[in-house]
Amino acid sequence: MTTDRDAERALDDLLAGRLGAGVYQWRAPVPTAWATVEGPDWRDRAAKAGWRTFTVDAGRVRDGDGFLKLCGEAFDLPEWYGENWDALQDCLTDLSWAPARHGYLVLWERWTGLAEDDQKAFRTALDVFAEAVEWWRDTGTPMAVLVLPTPGLEVAGIPRLAPRPADDAGNDSGPDRRGDPGR
């Protein structure tokens, strides 16, 4: 079972580069993903670490067209964005209008409507995110996508974001988990 502390530590490991960028499921600490009782907002933590954040709140999205429109808004994509999968892929591997010092962090929440009503679009969106993550992997500004699981529901094939295991002395010298794009 993932605790709030594990979720916090996993995010810290990702932001610090101790975990490789990828597409992960992340069980955000309670009460919500936006702010924890004990610590700063996840976006503030990411910004302090030099990561540019984006939130894809797909709560009202039920099909691919709606998701593509939402991405245009969430990523503040340029006017030339054509609201199709190829254009989204092109934009996510460019991001010149949204510079970041150390990386890009995408939080994708409330995805179940899309997954239930348009499985093909949902899987295509995951593939586009995975390809963008792969494209940015070996740059100075990696991309990570955190898919928030819905209670009782997870996305098959997407690993959980988990902190690196600590060794017996309690320090962070556990194995490096870089390289898992979450495909």
Side-chain angles (χ1 to χ4, degrees), residues 1-2 7 10-11 14-15 19-30 32-34 42-43 46 51-98 100 103-139 141-162 177-183:
M1 180 173 153
T2 302
L11 181 60
L14 177 68
L15 296 173
L19 287 177
V23 178
Y24 296 104
Q25 294 184 79
W26 181 54
R27 186 153 317 277
V30 292
T32 69
W34 310 118
W42 70 271
R43 290 170 292 192
W51 288 64
R52 178 94 179 230
T53 62
F54 302 96
T55 302
V56 179
D57 180 351
R60 289 180 261 169
V61 173
R62 308 303 272 185
D63 61 22
D65 290 339
F67 184 79
L68 290 164
K69 181 178 174 66
L70 172 66
C71 284
E73 296 164 4
F75 291 99
D76 194 23
L77 298 179
E79 287 182 20
W80 54 263
Y81 170 57
E83 289 189 9
N84 62 61
W85 297 111
D86 289 335
L88 180 59
Q89 181 66 46
D90 290 346
C91 288
L92 292 180
T93 58
D94 179 349
L95 295 175
S96 58
W97 63 92
Y104 296 98
L105 183 61
V106 179
L107 183 75
W108 184 10
E109 64 177 344
R110 301 191 320 155
W111 46 266
T112 55
L114 180 63
E116 291 169 358
D117 290 353
D118 193 342
Q119 183 67 209
K120 182 178 178 185
F122 177 70
R123 285 291 163 190
T124 300
L126 285 171
D127 288 344
V128 166
F129 281 142
E131 289 172 19
V133 164
E134 186 63 31
W135 192 91
W136 288 102
R137 181 175 308 287
D138 294 326
T139 71
T141 53
M143 177 183 278
V145 177
L146 303 180
V147 180
L148 288 183
T150 299
L153 221 113
E154 293 191 356
V155 183
I158 305 295
R160 290 184 184 153
L161 180 67
R177 294 183 41 184
R178 292 180 180 272
D180 182 0
R183 288 191 202 192

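Quick caveat: nothing in here was measured; it's all calculated off a predicted structure. Numbering of residues begins at 1 and proceeds along the displayed sequence.
To the nearest 0.5 Å, the span separating OG1 on Thr141 from CG on Leu95 amounts to 8.5 Å. Taken from CD in Glu131 to OG1 in Thr124, the straight-line distance is 9.5 Å, to the nearest 0.5 Å. Interatomic distance, Leu88 CG to Leu68 CG, rounded to the nearest 0.5 Å: 6.0 Å. In this structure, Gln25 CD and Thr150 OG1 are separated by 9.5 Å, a value rounded to the nearest 0.5 Å. Atom CH2 of Trp135 is separated from atom CE of Met143 by 9.5 Å, given to the nearest 0.5 angstrom.
When all heavy atoms of Pro78 and Cys91 are compared, the pair lying nearest together is CD-SG, 4.3 Å. A pairwise comparison of heavy atoms in Pro142 and Trp51 identifies O-CZ3, 3.8 Å as the closest pair. Scanning all heavy atoms of the two residues, the minimum distance from Ala162 to Ala10 falls at C-CB, 3.6 Å.
Residues Leu14 and Leu105 have side chains in contact (heavy-atom distance under 4.5 Å, counting atoms from C-beta outward). For the pair Tyr24/Val147, no side-chain contact is recorded, criterion being any heavy-atom separation below 4.5 Å from C-beta on.
At distances below 3.5 Å, not a single donor-acceptor pair connects side-chain atoms of Trp111 with backbone N or O atoms of Val61. With hydrogens and angles ignored, the 3.5 Å screen pairs a side-chain donor or acceptor of Trp26 with a backbone N or O of Ala7. The main-chain N or O of Ala21 is found under 3.5 Å from a side-chain atom of Arg137 such that the two form a donor-acceptor pair.
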*Apply the test side chain to side chain contact (heavy atoms under 4.5 Å, CB included) to residues Leu107 and Val56: give CA-CA distance (whole Å), side-chain angles for both, the deciding distance (0.1 Å), then the verdict.*
CA-CA 6 Å; Leu107 183 75; Val56 179; over 6 Å; no
*Show the numbers, then the answer: is there a side chain to side chain contact (heavy atoms under 4.5 Å, CB included) between Asp57 and Leu70?*
CA-CA 8 Å; Asp57 180 351; Leu70 172 66; 5.7 Å; no
*Step by step, would you call Leu161 with Leu146 a side chain to side chain contact (heavy atoms under 4.5 Å, CB included)?*
CA-CA 8 Å; Leu161 180 67; Leu146 303 180; 3.8 Å; yes
*Determine, stepwise, if the pair Thr55 / Trp42 fulfils side chain to side chain contact (heavy atoms under 4.5 Å, CB included).*
CA-CA 11 Å; Thr55 302; Trp42 70 271; 3.7 Å; yes
_Test ring pair (Phe, Tyr, Trp, His ring centres under 6.0 Å) on Tyr104 and Trp136; report intermediate values, then the result._
CA-CA 9 Å; Tyr104 296 98; Trp136 288 102; 5.0 Å; yes
Acceptor/donor pairs from residues 113-121 side chains to any protein atom, 3.5 angstrom cut, sequence neighbours excluded:
| residue | atom | partner | partner atom | Å |
| --- | --- | --- | --- | --- |
| Asp117 | OD2 | Arg62 | NE | 2.7 |
| Asp117 | OD2 | Arg62 | NH2 | 3.1 |
| Asp118 | OD1 | Ala121 | N | 3.1 |
| Asp118 | OD2 | Gly64 | N | 3.1 |
| Gln119 | NE2 | Ala115 | O | 2.8 |

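The side chain to side chain donor-acceptor pair (under 3.5 Å) analysis of residues 73-95, with sequence neighbours excluded, yields the pairs Asp94-Ser96.
For the ring-ring contact (aromatic ring centres under 6.0 Å, His included) test with Phe67, the passing option among Trp108, Phe75, Phe122 is Trp108; the others fail.
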